[in-house]
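The structure appears right after this line, and notes come after that.
Below, read A as the first sequence line, B as the second, and so on, with proteins coming before strands; counting in each chain starts at 1.
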Amino acid sequence: MPELPEVETVRRGLIPPLEGHVLTHVEARRDTLRFPIPKDFGKRLTGRKVLAVRRRAKYLLVDFDDGQVMILHLGMSGRVTMSYGRPNAYEKHDHLIFESASGWVLRFNDARRFGLVDLTTIADWPNHPLIKDIGPEPLTDAFDGAVLAVAIKGRRSPIKIVILDQTVVAGIGNIYASEALHKAKIAPERPAADLSRADCDRLAVAIKQVLERAIEVGGSTLRDHVQPNGELGYFQHEWSVYGRTGEPCRICTAAIEQIVQTGRTTFFCRTCQPA
DNA sequence: CGGCGGTCCTGTCAGC
DNA sequence: TGCTGACAGGACCGCC
């Protein structure tokens, strides 16, 4: 579920209950997610005040008043749920609990446990092994067609696979890779290095537009919870190709097709995205 | 270095 | 209804 827009939506939802508030109780209910949860996780964060909730690629970063930074990745199935006051009961797969002096209780729930949490510091987080090699943030001026052209130089893999590479551009996942390529009218199988400079410009713009629109729609669903049930918000109703095999392209009415690339499904319109 | 396949884990859904 | 297998929004790791 969580690609950049979903993580950004969660980030925005976490600001009111967390920023400027002390965590009165923090608890890890198991030892391991994708990696071991840091020792004394709860003890190290209980009593700390949250200074900011930030995002880098698909990672959430929570800054604390003692210089600690919590890194949280939602993996495939991770979600954050909020309740005002303690819930009657924890749900299955509620792994991390954060009680805030604001009155809100946050729970990180992740059935598949591909998510991860780690603790680092304000000085060290950019060099964290999971973060240091990540490419430019797509919604900033650090990313454009020129930057993309350099990043994909010499890459013979299909462009769909290459934009999923987090060192090329941060935050693209399987849904938005297909969506951006359709918007840019580029076939997913084309070797990345064969893209023209004009292709790169169109693709960079399409990536920005698709992600921005998804954030806009996802963000509008927030109120007293962070994405109910971890659902995608309303952007799924606007998907152009993802999950629409056999349905008519919204641009040309041709049937949407699907292929498998490196084990993952890709959706496209052969008319709009000629090989 | 680039590219590919295997792998972590559980839930859901289609098909029999 | 119950079982089985395929598949799912991520990304690291080892191997070629």
I131(A) CD1 to dC12(C) C1', in whole Å, measures 15 Å

Out of dG10(C), dA8(C), dG11(B), minimum distance to the side chain of A111(A) belongs to dG11(B)

With the side chain defined as heavy atoms from C-beta on, T262(A) is closest, among dG5(B), dG11(B), dA8(C), to dG5(B)

Closest to the side chain of H93(A), out of dA11(C), dT10(B), dG2(B), is dT10(B)

N or O in side chain of R34(A) less than 4.0 angstrom from dC9(B) OP1/OP2: no

To the nearest angstrom, the CZ-C1' distance between R264(A) and dT7(B) comes to 14 Å

note: Q166(A), atom CD; dG3(B), atom C1'; distance rounded to Å ~ 17 Å

Can you find a side-chain donor-acceptor pair between N109(A) and K92(A) that sits under 3.5 Å? no

Answer with yes or no whether the side chains of R48(A) and Q68(A) bring together a donor and an acceptor at under 3.5 Å. no

In whole angstroms, the gap separating P of dG10(C) from CZ of F35(A) amounts to 16 Å

Less than 5.5 Å between centroids and less than 30° between ring planes, does F114(A) satisfy that with dA11(C)? no

Starting from the C-alpha separation in whole Å, work towards a yes-or-no answer on salt bridge (Lys or Arg N to Asp or Glu O under 4.0 Å) for E216(A) and R12(A).
CA-CA 11 Å; E216(A) 194 182 313; R12(A) 294 179 185 187; over 6 Å; no

Of the candidates dC12(C), dA8(C), dT10(B), the side chain of Y242(A) sits closest to dA8(C)

For dG10(C), the nucleotide meeting Watson-Crick or G-U wobble distances (both under 3.5 Å) is dC8(B)

Among dG11(B), dG10(C), dG3(B), the one nearest any side-chain atom of K92(A) is dG11(B)

* Classify the nucleic acid contact of R113(A) as base, sugar-phosphate or nothing, counting any heavy atom under 4.0 Å across all strands shown. => sugar-phosphate

With I207(A) as partner, the option from L139(A), I172(A), L4(A) fulfilling side-chain contact (heavy atoms from CB on, under 4.5 Å) is I172(A)

Checklist entry - Under 4.0 angstrom, heavy atoms only, what part of the nucleic acid is K153(A) near: base, sugar-phosphate, or nothing? => result nothing

Taking dG10(C), dA8(C), dG11(B) as options, the one with an atom nearest any side-chain atom of N174(A) is dG10(C)

When rounded to the nearest 0.5 Å, the distance separating SG of C269(A) from CD1 of I256(A) is 5.0 Å

Discussion item. dC1(B), OP1 or OP2 - any side-chain N/O from R155(A) closer than 4.0 Å?
Written reply: no

CG (D124(A)) and NZ (K132(A)) are apart, to the nearest 0.5 Å, by 13.5 Å

Any side-chain N or O of S77(A) less than 4.0 Å from the OP1 or OP2 oxygen of dC9(B)?
no

note: I163(A), atom CD1; dA11(C), atom P; distance rounded to Å ~ 14 Å

Q. Does T265(A) have a side-chain nitrogen or oxygen under 4.0 Å from the phosphate oxygens OP1 or OP2 of dA8(C)?
A. yes

Winner on side-chain proximity to R112(A), out of dG11(B), dG10(C), dC9(B), is dC9(B)

Separation of dG10(C) atom C1' from I134(A) atom CD1, nearest Å, is 12 Å

When rounded to whole Å, the CG to C1' distance for the pair D165(A) and dG2(B) reads 10 Å

L164(A) CG to dG2(B) C1', in whole Å, measures 16 Å

Compare side-chain N and O positions of H73(A) against OP1 and OP2 of dG10(C) and report whether any pair is under 4.0 Å apart. no

